[in-house]
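Both counts, for ligands and for their atoms, begin at 1 and track the order of listing. The chain is numbered in sequence order, starting from 1.
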Amino acid sequence: MIDDVQKSETECPKCGYYLVWQQCQVIDCNEGYIKDDDPFWDSEIQICEDCQGTGYLEWCQNCGYGCN
Ligand SMILES: [Zn+2]
Ligand SMILES: [Zn+2]
């Protein structure tokens, strides 16, 4: 598996270092939403808890901001 960490253009609000981001690793996550394909349910869409609906995770490698 490729560790696909990218440099973000956003600065860390805590230390000013650049943030890095990675696509959300939740398998069912599709750009921040979990789509339930169960035909008995009306395609219920839930916000992914890992990435909070953003589809990616962003954190600071310098001070740990954004890490769980
Ligand atoms: Zn997600
Ligand atoms: Zn930081």
**Q** Give a yes or no on this: more than 12 heavy atoms of other residues, nucleotides or ligands lie within 6.0 Å of atom CD of Q6.
**A** yes
**Q** To the nearest 10°, what's the angle at the Zn ion (ligand 2) between atoms SG (C60) and SG (C12)?
**A** 110°
**Q** Need one value: angle at the Zn ion (ligand 1), C51 atom SG versus C48 atom SG, rounded to 10 degrees.
**A** 100°
**Q** Have a look at the Zn ion (ligand 2) and estimate, to 10 degrees, the angle subtended by SG (C63) and SG (C15).
**A** 120°
**Q** A side-chain contact here means heavy atoms from C-beta on lying under 4.5 Å apart; do Q22 and W59 qualify?
**A** yes
**Q** Rounded to 10°, how big is the angle at the Zn ion (ligand 1) from C29 SG to C24 SG?
**A** 110°
**Q** Using a 6.0 Å distance limit plus a 45 degree cone around the ring axis, check whether K7 lies over the aromatic ring of Y18.
**A** yes
**Q** Would you call C51 and V26 a side-chain contact if the rule is heavy atoms closer than 4.5 Å?
**A** no
